[in-house]
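Any value given below was found using the heavy atoms of this structure, including those in side chains, with hydrogens, waters and symmetry copies removed. Order of the sequence lines sets the chain letters (A, B, ...), proteins ahead of strands, with each chain counted from 1.
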Protein chains: 2
Amino acid sequence: MSLRYALLAILRVGPLSGYDLQKQFSQSVGHVWHAPDSQIYPELRKMEEAGLVEGEDQLRGERARRRVYHVTEAGDRAFIEWMQTPLEYQRVRDPAHLRAAYLESVSYDAAREFFRGHIAEWEGELEQWRGELVHIENLSNPMLVRRLAVTADVDKPRTIAFKRITYEGLVEHALGEIAWARRGLELVDELEAG
Amino acid sequence: MSLRYALLAILRVGPLSGYDLQKQFSQSVGHVWHAPDSQIYPELRKMEEAGLVEGEDQLRGERARRRVYHVTEAGDRAFIEWMQTPLEYQRVRDPAHLRAAYLESVSYDAAREFFRGHIAEWEGELEQWRGELVHIENLSNPMLVRRLAVTADVDKPRTIAFKRITYEGLVEHALGEIAWARRGLELVDELEAG
DNA sequence: GTAAACATGTAAACGGTTACATGATTAT
DNA sequence: ATAATCATGTAACCGTTTACATGTTTAC
């Protein structure tokens with residue numbers, strides 16, 4: 001159910017077509033809440049039915065159209081209300097730690113493969129999140145710039161500060177996973193040696 | 001799809017009824033892969049259809065029955081094969097960091113509420129995982145004891161070591177989330193002050 | 001002319017959540 | 001007698017994933 005609010009968060013900055021939304025999405029909120037375009041288009045339609053957004057068809061060339069969505073007052077209220085509601089945490093479902101707990105059932109090399117894969121996976125995320133963090137510090141993230149353009153001066157420091165701490169948290173998590181997996185590799189070496 | 005392998009991991013230690021499995025589950029693998037009983041019973045049936053486990057109905061008293069499942073050779077092979085297959089990581093979908101990125105749209109108190117809730121959530125997980133870690137160190141976890149009972153002496157150190165590093169990783173993650181949220185609270189104080 | 005990018009979807013399947021439903025046995 | 005625990009499910013719903021489907025416009 002968070003997809004809806006992730007989309008509202010972006011649309012609140014200004015109207016966008018489904019296509020543009022999806023592109024902005026994958027370069028911003030998509031870093032913490034992934035969604036494919038095949039999920040975004042239908043969700044926008046549902047949000048329109050619920051009165052949270054309104055879409056207008058615009059013509060593009062002679063035959064093509066694009067549907068541009070903007071947030072309604074009800075949509076804005078719904079977003080703020082959600083932000084103030086206690087967050088529903090999802091139950092833990094962590095395939096990597098599930099597997100790690102049973103590595104005794106495979107060879108040392110297979111165990112190493114697992115930890116190496118874990119490092120590769122989290123280094124990928126780390127790179128993305130660190131990149132975002134740099135863009136936040138430099139004010140070189142287009143979404144953030146657009147947002148700041150519609151934000152009162154008093155509110156700007158907060159807007160930046162919360163984005164920064166968010167990505168700092170993600171970066172630290174990724175670093176933690178990588179450090180853990182490196183220790184995993186050392187453990188495998190020790191077990192094999194002794 | 002990991003539920004299947006989580007269930008196999010437990011059943012490989014020895015036969016269990018759906019009910020007992022579910023109890024063992026919630027006290028062991030359930031810490032990293034949650035599943036309600038309403039999901040476990042049908043999954044066991046599906047695994048039986050797939051030939052991974054076999055169930056036998058046992059009588060309990062006069063009228064009641066319980067179905068005891070054990071892993072087949074095919075089930076054992078499937079588990080080992082899965083353990084050696086590159087892990088499919090799920091796309092990031094993190095409602096807490098999604099929300100954190102937009103805290104400028106609510107009051108300082110609402111932002112504090114969010115971070116406090118985050119701390120409470122992760123302290124809950126931390127307690128569970130730390131408890132497990134203690135049970136692993138003391139060999140006071142019944143599942144681990146049963147597992148060691150069917151494990152060759154040479155393999156025992158590994159079996160313990162992988163469980164330990166798994167829960168250490170989880171504990172560190174929880175500590176990281178808590179430290180992050182505490183910094184969040186400090187940030188809110190600073191923003192409100194200056 | 002052709003490829004890249006623009007633009008918007010549908011359909012089927014799957015996994016997970018929540019609520020409901022039922023009854024037997026054992027310990028007090 | 002009664003409560004706790006044992007024991008096993010079904011059904012409806014929801015969100016997500018994957019694969020498929022189609023056509024337009026713009027830049028080279």
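As a whole-Å value, the separation of A/Arg66 CZ from D/dT22 P is 24 Å. Rounded to whole Å, the distance from CG on B/Leu59 to C1' on D/dA7 is 13 Å. What separates CG of B/Asp57 from C1' of D/dT8 is a distance of 10 Å, to the nearest Å. Taking atom CG of A/Asp20 as the reference point, atom P of C/dC6 lies 8 Å away to the nearest angstrom. Atom CD in B/Gln90 sits roughly 13 Å away from atom C1' in D/dG15 (whole-Å rounding). Taking atom CZ of B/Arg63 as the reference point, atom C1' of C/dT26 lies 15 Å away to the nearest angstrom. Across the protein-nucleic acid pair, A/Tyr41 atom OH and D/dT17 atom C1' stand 17 Å apart, rounded to whole Å. Between the NE2 atom of A/His34 and the C1' atom of D/dG15 there is a distance of 14 Å, given to the nearest Å.
Using cut-offs of 30° and 60° on the angle between ring planes, the pair A/Trp82 and A/Tyr5 is parallel. Ring-plane geometry between A/His118 and A/His97 is classed as perpendicular, the angle between the planes exceeding 60 degrees on a 0 to 90 degree scale with a lower cut at 30.
Dashed line: the shortest gap from a side-chain N or O of A/Tyr19 to OP1 or OP2 of C/dT8 is not under 4.0 Å. Taking side-chain N and O atoms only, B/Arg91 has no distance below 4.0 Å to OP1 or OP2 of D/dT17. For C/dG16, the OP1/OP2 oxygens have no side-chain nitrogen or oxygen of B/Arg93 closer than 4.0 Å. For A/Arg45, a side-chain nitrogen or oxygen approaches OP1 or OP2 of C/dG9 to under 4.0 Å.
Counting only heavy atoms from C-beta on, A/Leu3 has its side chain closest to D/dT16 among D/dT16, D/dG9, D/dT17. Closest to the side chain of A/Trp33, from the set D/dT16, D/dG9, C/dG9, is D/dT16. Nearest nucleotide to the side chain of B/Gln22, out of C/dT25, D/dT17, D/dT8: D/dT8. Distances were taken from every side-chain heavy atom of B/Arg60 (C-beta onward) to each of C/dA24, D/dT8, D/dT10; the shortest belongs to C/dA24.
With the nearest nucleotide of DNA chain D identified for both B/Lys23 and A/Gln39, B/Lys23 has the one nearer the 5' end. Two residues, A/Pro36 and B/Asp37, neighbour DNA chain D, and the one matched to the more 5' nucleotide by heavy-atom proximity is B/Asp37.
A cation-pi arrangement is absent between B/Arg67 and B/Tyr41 under the rule of less than 6.0 angstrom and at most 45 degrees off the ring axis.
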Applying salt bridge (charged side-chain N to carboxylate O under 4.0 Å, His left out), run through A/Glu73 and A/Arg77 and close with a yes or a no.
-> CA-CA 6 Å; A/Glu73 229 189 88; A/Arg77 274 201 308 275; 3.4 Å; yes
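Within 4.0 Å of A/Glu43, counting heavy atoms only, lies no atom of the nucleic acid at all.
Side-chain atoms of A/Ser38 and base atoms of D/dT18 include a donor and an acceptor less than 3.5 Å apart.
A donor-acceptor contact shorter than 3.5 Å links the side chain of A/Trp129 to the backbone of A/His31.
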